[in-house]
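Everything below concerns the one structure shown next.
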2 protein chains.
Amino acid sequence: MDISDARNRIVATADELYNAKGIQAVGMDELRTAAGVSLKKLYQEFPSKGSIVMAVLERRHQSWTEGLDATVRRAPTPREQLLAIFDYLGQWFCQSTFRGCGFINSFAELGAISPEVAEYARKHKESFQEYVASLAAGAGAPGYLAPQLAILAEGAQTTAAIAGTPNAATQARQAAEVLIDAALNTK
Amino acid sequence: MDISDARNRIVATADELYNAKGIQAVGMDELRTAAGVSLKKLYQEFPSKGSIVMAVLERRHQSWTEGLDATVRRAPTPREQLLAIFDYLGQWFCQSTFRGCGFINSFAELGAISPEVAEYARKHKESFQEYVASLAAGAGAPGYLAPQLAILAEGAQTTAAIAGTPNAATQARQAAEVLIDAALNTK
DNA sequence: CATCGTATAGAACGATCGTTCTCGGTGCAA
DNA sequence: TTGCACCGAGAACGATCGTTCTATACGATG
């Protein structure tokens with residue numbers, strides 16, 4: 001087993017467990033067992049639980065960004081690229097492991113007591129907003145459209161998570177269509 | 001001191017502390033000290049921390065519902081009543097104690113390990129959606145408008161919380177205006 | 001084979017959690 | 001004054017947390 005192989009497995013396992021049960025509900029021993037590494041190796045790879053949490057957030061950010069971009073890139077027109085954001089959300093919501101946005105959740109759980117976590121969540125959302133803004137700019141939309149679509153996407157995530165149904169994705173997508181067309185026509 | 005007076009102070013203090021630091025980060029001893037009651041009285045009023053959490057959620061639900069309705073009722077027309085939702089959010093976001101929706105936060109923190117909390121958060125969001133639906137119906141809007149506005153409201157809450165700015169309220173309000181007018185015109 | 005460095009499983013540690021118990025004081029009734 | 005029922009402060013308890021330490025097994029090297 002490679003050394004970074006163990007590292008990856010630890011982070012991947014932590015990601016799953018933290019998502020399924022919440023960060024604070026998963027102890028190091030449970031993570032150790034699930035990842036199949038010794039406690040010593042765990043602390044050899046990471047100095048503390050907090051650093052594992054940050055590594056999980058980085059992993060989530062990368063996974064989310066790549067997955068979103070892959071879906072968006074399949075859309076033929078700038079307008080459909082903006083709508084593809086909500087298709088990506090729809091796929092995500094349908095996964096059985098979906099339990100809400102990991103950044104919203106970690107912010108809610110640890111944001112008040114961990115400046116690192118709060119800051120990383122802020123950065124992640126900021127990067128999403130910039131991504132939406134770049135797509136909106138590509139569609140020739142006015143600047144106010146992107147924040148509106150980002151808010152729709154955020155709302156769809158929490159609504160889907162708490163309601164337990166993926167309906168919010170299509171509802172948000174239809175709303176996005178109205179907002180996009182209105183923004184493009186009044187331009 | 002009345003017996004229910006102590007109860008109210010416990011719940012009010014727990015509400016503040018849980019909101020400020022997160023539920024799991026506030027121990028019974030800290031709550032006891034802040035509320036100024038003995039540990040014995042605390043457990044005399046509530047059988048467990050979980051029951052305090054549920055009492056806090058009930059308090060939040062009542063406070064939110066009443067505050068929202070008071071703002072909405074001041075609006076003269078059905079259309080402006082729908083928009084008043086976002087004015088209410090704007091006021092809320094500007095409070096220094098604002099740290100996101102307490103139900104989203106409690107769901108993120110405890111939803112996976114406490115069916116009670118998850119269920120109550122679901123019920124709260126459901127009641128909000130029904131409230132929006134009743135306002136939308138009063139404005140003569142088609143049925144699909146209310147979920148769209150509710151998603152906007154949810155998104156504004158998480159965006160404002162994580163970004164740390166109240167901007168999302170006005171952005172969501174402007175988006176709501178577009179959606180409302182589009183829905184009313186195509187009817 | 002003997003030896004040594006390393007990795008492992010799991011015990012142990014201090015801290016903190018939610019919860020309960022004990023002790024000492026206080027007000028009231030007789 | 002004496003007895004008694006309550007009350008608050010905080011010690012105590014068992015569990016669990018994150019983290020570290022120890023004892024044991026193993027594998028490579030001479």
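Nothing here was measured: the structure is a model prediction, and the numbers come from that model. Here is the naming used below: chain letters follow the sequence lines, and residue numbers restart at 1 for every chain.
- Remark: the A:Gln62 side chain and the A:Glu66 side chain contain an N/O donor-acceptor pair separated by less than 3.5 Å.
- Separation of atoms CG (A:Leu82) and OG1 (A:Thr77) is listed at 8.5 Å; rounding is to 0.5 Å.
- Whole-Å rounding puts the B:Leu42 CG to D:dA9 P distance at 12 Å.
- Atom CD of B:Gln44 is separated from atom C1' of D:dC6 by 10 Å (rounded to the nearest Å).
- Separating the CZ atom of B:Arg32 from the C1' atom of C:dT16 is a distance of 16 Å, rounded to the nearest angstrom.
- Put simply, the side chain of A:Asp5 reaches to within 4.5 Å of the side chain of A:Arg9, judged on heavy atoms.
- Checked against ring-ring contact (aromatic ring centres under 6.0 Å, His included), B:Tyr131 has no partners two or more places apart in sequence or in another chain.
- Counting only residues at least two apart or in different chains, ring pair (Phe, Tyr, Trp, His ring centres under 6.0 Å) contacts with residues 96-118 of chain A comprise A:Trp92-A:Phe98, A:Phe93-A:Phe98, A:Phe103-A:His124.
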What protein N or O atoms touch nucleotides 17-22 of chain C N or O atoms at under 3.5 angstrom, if any, and at what distances?
unit_1: C:dG18; atom_1: OP1; unit_2: B:Lys49; atom_2: NZ; d: 2.4
unit_1: C:dG18; atom_1: OP2; unit_2: B:Met28; atom_2: N; d: 2.8
unit_1: C:dT19; atom_1: OP2; unit_2: B:Tyr43; atom_2: OH; d: 2.8
unit_1: C:dT19; atom_1: OP2; unit_2: B:Lys49; atom_2: N; d: 2.8
unit_1: C:dT19; atom_1: O5'; unit_2: B:Tyr43; atom_2: OH; d: 3.3

